Amino acid sequence: MINNVDARTLKAWLQDGDELALLDAQEAGQYGEGHLFLATSVPYSRLEADIERLAPRKGVRLVLCDDGQSGVAERAAKRAAALGYDDIHLLDGGTQAWKAAGFVLYKGVNVPSKTFGELLDETSPTPSVTAQELQRMKDAGEPLIQLDGRPWAEYRKMSIPGAACCPNGELPLRVIELARDPGIPVIVNCAGRTRSILGAQTLMAMGLPNPVYALEDGAQGWTLAGFELDRGASRRYEPLPDAQALTVLQQQADALMRRHGIAAVDARQVQLWLNEEARTTYLLDVRTAEEYAEGHIPGSIHAPGGQLVQATDHWVAVRNARIVLIDGDGEQVRAPMIASWLKQMGHDASVLAGPAEALRSGPSPARAGSVLPALASITPAEVARLQTEGGCRLIDLRASMSHREGHIPGSVWSIRPRLAGLAPGKGAVVLIADDTLVARAAAVDLMEAGGPAPLLLEGGFGAWDAAGLQVVTTPAHPPDSDCIDYLFFVHDRHTGNLESARNYLAWEHQLVAQMDEQERSVFARLRATAGD
């Protein structure tokens with residue numbers, strides 16, 4: 001049974017204290033142009049691939065929405081029901097009805113986390129330096145420590161000269177090794193504002209005696225000031241602290257947990273929570289990707305700490321769920337710091353303490369693989385042969401920007417919500433995808449529209465390219481108007497588009513002013529602890 005819910009009732013649900021997963025089924029570009037404050041993006045094209053990770057309990061109260069016209073939320077609801085969700089609701093009239101009721105639609109991505117960063121800076125102002133001030137310090141040869149709080153891949157693409165990569169989630173653990181001389185200033189930056197603010201505030205919360213600053217407007221502010229960025233830099237954070245330093249950090253983390261009322265829970269208690277059918281529990285490992293790959297608790301999800309705070313909705317879609325954080329065995333430094341931020345963001349966060357051997361199972365296994373059709377594969381060489389014989393239709397399901405950068409000649413870019421509208425053709429249908437689940441989900445829509453069971457290109461576009469087969473580039477196709485999976489004002493700032501950078505920074509600055517009292521109440525704990 002799928003029911004409708006009107007905008008005002010949903011607004012009440014968002015503050016009734018019960019669990020609620022509010023999912024926007026529009027594609028990423030559409031979502032980014034206007035969505036509800038607490039809505040998590042779960043594009044219809046990726047629904048089966050993402051929903052069970054984001055909302056792992058099948059009995060959760062689930063609300064799906066779209067623009068009120070496309071019908072994509074209704075289609076998403078049908079797929080969610082097939083996966084076993086049994087308390088499904090559609091926002092009647094979608095985002096347009098929400099707006100008509102007098103409620104705000106937000107542009108952009110990771111809005112709750114971004115807003116938290118701005119509110120944190122408002123309630124506990126972050127010391128900052130401008131790009132010009134930083135350059136003056138560098139020109140004068142003043143000693144300073146520059147840290148970039150983004151993950152390694154982002155840092156490698158572009159960074160401020162002299163900055164070393166130390167993702168925000170690692171700062172609590174590596175702070176002692178990074179700043180042995182308490183007189184040297186530490187300056188933290190990210191691409192824009194949020195992680196610069198959170199990184200600097202993290203160092204301050206951990207009691208670092210050094211002067212700490214956020215770089216105002218991050219790497220974008222640096223570029224807008226007329227300075228050049230590094231590309232492909234390789235400066236990284238220091239090794240893990242020794243036992244003596246770790247003890248000091250643990251004492252600071254313990255004090256942080258007491259201040260914010262964060263519980264340390266043992267494996268037995270966590271297992272009881274995971275076994276509950278009436279409450280959602282997320283088990284998130286905040287360590288580095290390398291540590292997680294070396295070994296982790298079964299069922300835990302890797303959520304690097306700095307990114308978890310910066311983009312919480314990438315991992316957590318259920319409001320009022322429990323979040324249990326895991327760091328290194330016997331460490332309890334990184335997880336308490338991340339938990340303190342999540343608490344102030346309105347989440348029920350705790351930290352796993354003690355041995356984890358009692359944890360035998362994590363969240364319920366995903367069902368997507370059992371409800372989606374298996375697809376027969378076809379090699380690149382076989383596709384090339386079929387093309388010469390005129391008996392093959394290629395549908396590229398990768399990101400629209402990836403298709404522009406390079407694709408198989410004759411392939412057509414499309415996306416799941418639009419597959420049913422493709423003109424019929426002759427011959428075998430071959431899907432090109434980076435994610436097998438995405439292709440299998442798209443196959444459901446193709447077959448429901450009366451098409452044949454499609455084939456899956458073995459190894460995807462990468463295998464085609466590696467085989468030395470022809471690749472074509474179309475920088476303007478698909479046209480911008482078709483690229484509903486891409487949010488231009490967020491992504492174009494990374495391509496040197498200064499106007500996009502200005503617009504993005506203005507968007508971040510404006511987030512707090514858009515909030516109503518209910519949305520502000522999400523961060524009531526932050527307001528209550530400001531200045532403690």
Side-chain angles (χ1 to χ4, degrees), residues 17 113 116-117 119-126 168-179 182 197-210 212 240-270 272-273 279 281-287 303 305-306 308-310 312 316 320-356 358-359 521-532:
S113 293
F116 173 72
L119 274 172
L120 176 63
D121 195 40
E122 181 182 282
T123 55
S124 301
T126 312
N168 281 353
E170 295 303 302
L171 285 173
L173 188 59
R174 304 176 194 270
V175 58
I176 287 182
E177 297 298 332
L178 288 167
I197 293 167
L198 287 166
Q201 292 273 1
T202 291
L203 294 177
M204 294 159 62
M206 287 297 292
L208 186 70
N210 301 62
V212 176
L240 294 171
D242 58 28
Q244 183 177 359
L246 180 60
T247 299
V248 174
L249 294 173
Q250 287 171 332
Q251 291 170 348
Q252 293 170 329
D254 286 343
L256 200 64
M257 290 178 68
R258 289 193 298 272
R259 178 187 174 194
H260 292 287
I262 298 166
V265 292
D266 61 22
R268 178 179 171 278
Q269 179 60 65
V270 174
L272 290 173
W273 286 346
R279 184 91 189 270
T281 297
Y282 292 92
L283 197 57
L284 303 180
D285 191 319
V286 302
R287 299 174 299 159
L308 177 57
V309 178
Q310 135 88 8
T312 310
V316 177
N320 302 311
R322 295 190 191 95
I323 303 173
V324 179
L325 303 179
I326 308 162
D327 57 21
D329 185 22
E331 174 197 320
Q332 276 197 263
V333 174
R334 286 173 287 188
M337 185 72 247
I338 302 308
S340 74
W341 292 136
L342 294 180
K343 274 273 192 177
Q344 293 174 84
M345 292 173 69
H347 295 287
D348 181 358
S350 55
V351 173
L352 177 64
L359 275 173
S521 71
V522 170
F523 306 105
R525 188 178 184 88
L526 168 63
R527 298 280 185 177
T529 57
D532 285 2

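Since the structure is predicted, the reported quantities are computational estimates derived from the model, not experimental observations.
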(message) Strictly distance-based, threshold 3.5 Å: is any side-chain N or O of Arg525 a donor or acceptor partner for the main-chain N or O of His347?
(response)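 No.
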(request) Mind listing the closest non-hydrogen atom pair of Asp266 and Leu352 along with its distance? (result)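 Scanning both residues, the minimum pair turns out to be C-CD1, 3.9 Å.
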(message) Could you check whether any side-chain heavy atom of Val316 comes within less than 4.5 Å of a side-chain heavy atom of Leu284, counting everything from C-beta outward?
(response)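 A side-chain contact under 4.5 Å exists here.
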(message) With a 4.5 Å cut-off on side-chain heavy atoms, are Asp327 and Pro336 touching?
(response)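 The answer is yes; the side chains approach within 4.5 Å.
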(message) Using 0.5 Å steps for rounding, measure from the CG atom of Leu171 to the CG atom of Leu208.
(response)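 Leu171 CG to Leu208 CG: 9.5 Å, rounded to 0.5 Å.
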(request) Specify the closest pair of heavy atoms between Met206 and Leu249, including all atoms of both residues, with the distance to one decimal. (result)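 Closest approach of Met206 to Leu249: CE-O, 3.9 Å.
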(request) In plain terms, say whether Asp285 and Arg287 are close enough for a salt bridge, that is, a side-chain N and a carboxylate O under 4.0 Å apart. (result)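 Between Arg287 and Asp285 there is a salt bridge, with a charged N closer than 4.0 Å to a carboxylate O.
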(message) With a 3.5 Å distance limit and no angle check, can you tell me whether Ser113 reaches the backbone of Thr312 through a side-chain donor-acceptor pair?
(response)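 Yes, because the side chain of Ser113 sits within donor-acceptor range (under 3.5 Å) of the backbone of Thr312.
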(request) For the residue pair Trp341 and Leu120, establish whether any side-chain heavy-atom pair is separated by less than 4.5 Å. (result)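 Of all side-chain heavy-atom pairs linking Leu120 with Trp341, at least one is under 4.5 Å.
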(message) Nearest 0.5 Å, please: how far is CD1 in Ile338 from CG in Asn168?
(response)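 So the CG of Asn168 and the CD1 of Ile338 are separated by 8.0 Å.
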(message) Ignoring hydrogens, what is the shortest heavy-atom contact between Ala253 and Gln332? Give both atom names and the distance.
(response)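 Taking every non-hydrogen atom into account, CB-O, 3.5 Å.
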(message) Quick check: closest heavy atoms across Met337 and Ala205, and the distance to 0.1 Å?
(response)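 So the two residues come closest at CE-CB, 3.9 Å.
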(message) Within the structure provided, determine whether Leu325 and Leu308 are in side-chain contact (heavy-atom separation under 4.5 Å).
(response)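 The answer is yes; the side chains approach within 4.5 Å.
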(request) First locate atom CZ of Phe116, then atom OG1 of Thr123, and finally report the distance between them rounded to the nearest 0.5 Å. (result)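 Output value for this atom pair is 7.5 Å.
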(message) Would you compute the distance between atom CG of Leu526 and atom NE2 of His260 and round it to the nearest 0.5 angstrom?
(response)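 It is 9.5 Å, given to the nearest 0.5 Å.
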(request) Kindly say whether Glu331 contributes a backbone atom to a donor-acceptor pair with the side chain of Gln250 at under 3.5 angstrom? (result)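 Looks like yes, one N/O pair under 3.5 Å.
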(request) Measure the CD1-CG distance between Ile176 and Leu240 for me, rounded to the nearest 0.5 Å. (result)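 Those atoms lie 12.0 Å apart.
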(message) Are the side chains of Met345 and Val309 in contact, using a 4.5 Å heavy-atom criterion?
(response)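 SC-SC contact between Val309 and Met345 confirmed.
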(message) Measuring only between side-chain heavy atoms, which start at C-beta, is Thr202 closer than 4.5 Å to Pro172?
(response)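 Of all side-chain heavy-atom pairs linking Pro172 with Thr202, at least one is under 4.5 Å.
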(message) On a heavy-atom basis, which atom in Val265 and which in Ser350 lie closest, and how many Å separate them?
(response)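 For Val265 versus Ser350, the nearest heavy atoms are CG2-OG, 3.9 Å.
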(message) Quick one, Glu122 and Leu119 - any side-chain contact, counting heavy atoms below 4.5 Å?
(response)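 Side chain of Glu122 against side chain of Leu119, heavy atoms only: contact under 4.5 Å found.
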(message) For a side-chain contact (heavy atoms from CB on, under 4.5 Å) check, start with the C-alpha distance between Gln269 and Leu272, then their side-chain angles and the critical distance, and finish with the verdict.
(response) CA-CA 5 Å; Gln269 179 60 65; Leu272 290 173; 4.2 Å; yes
(request) Specify the closest pair of heavy atoms between Ala339 and Val351, including all atoms of both residues, with the distance to one decimal. (result)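 Result for this residue pair: CB-CG2, 4.0 Å.
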(message) Taking atom CG as the centre, does Asn320 end up with more than 12 heavy-atom neighbours from other residues, nucleotides or ligands that are less than 6.0 angstrom away?
(response)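 Correct, the count exceeds 12.
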(message) Are Val270 and Arg322 packed together at the side-chain level, in the sense that at least one heavy-atom pair is separated by less than 4.5 angstrom?
(response)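 In short, these two side chains do not touch, never coming nearer than 4.5 Å.
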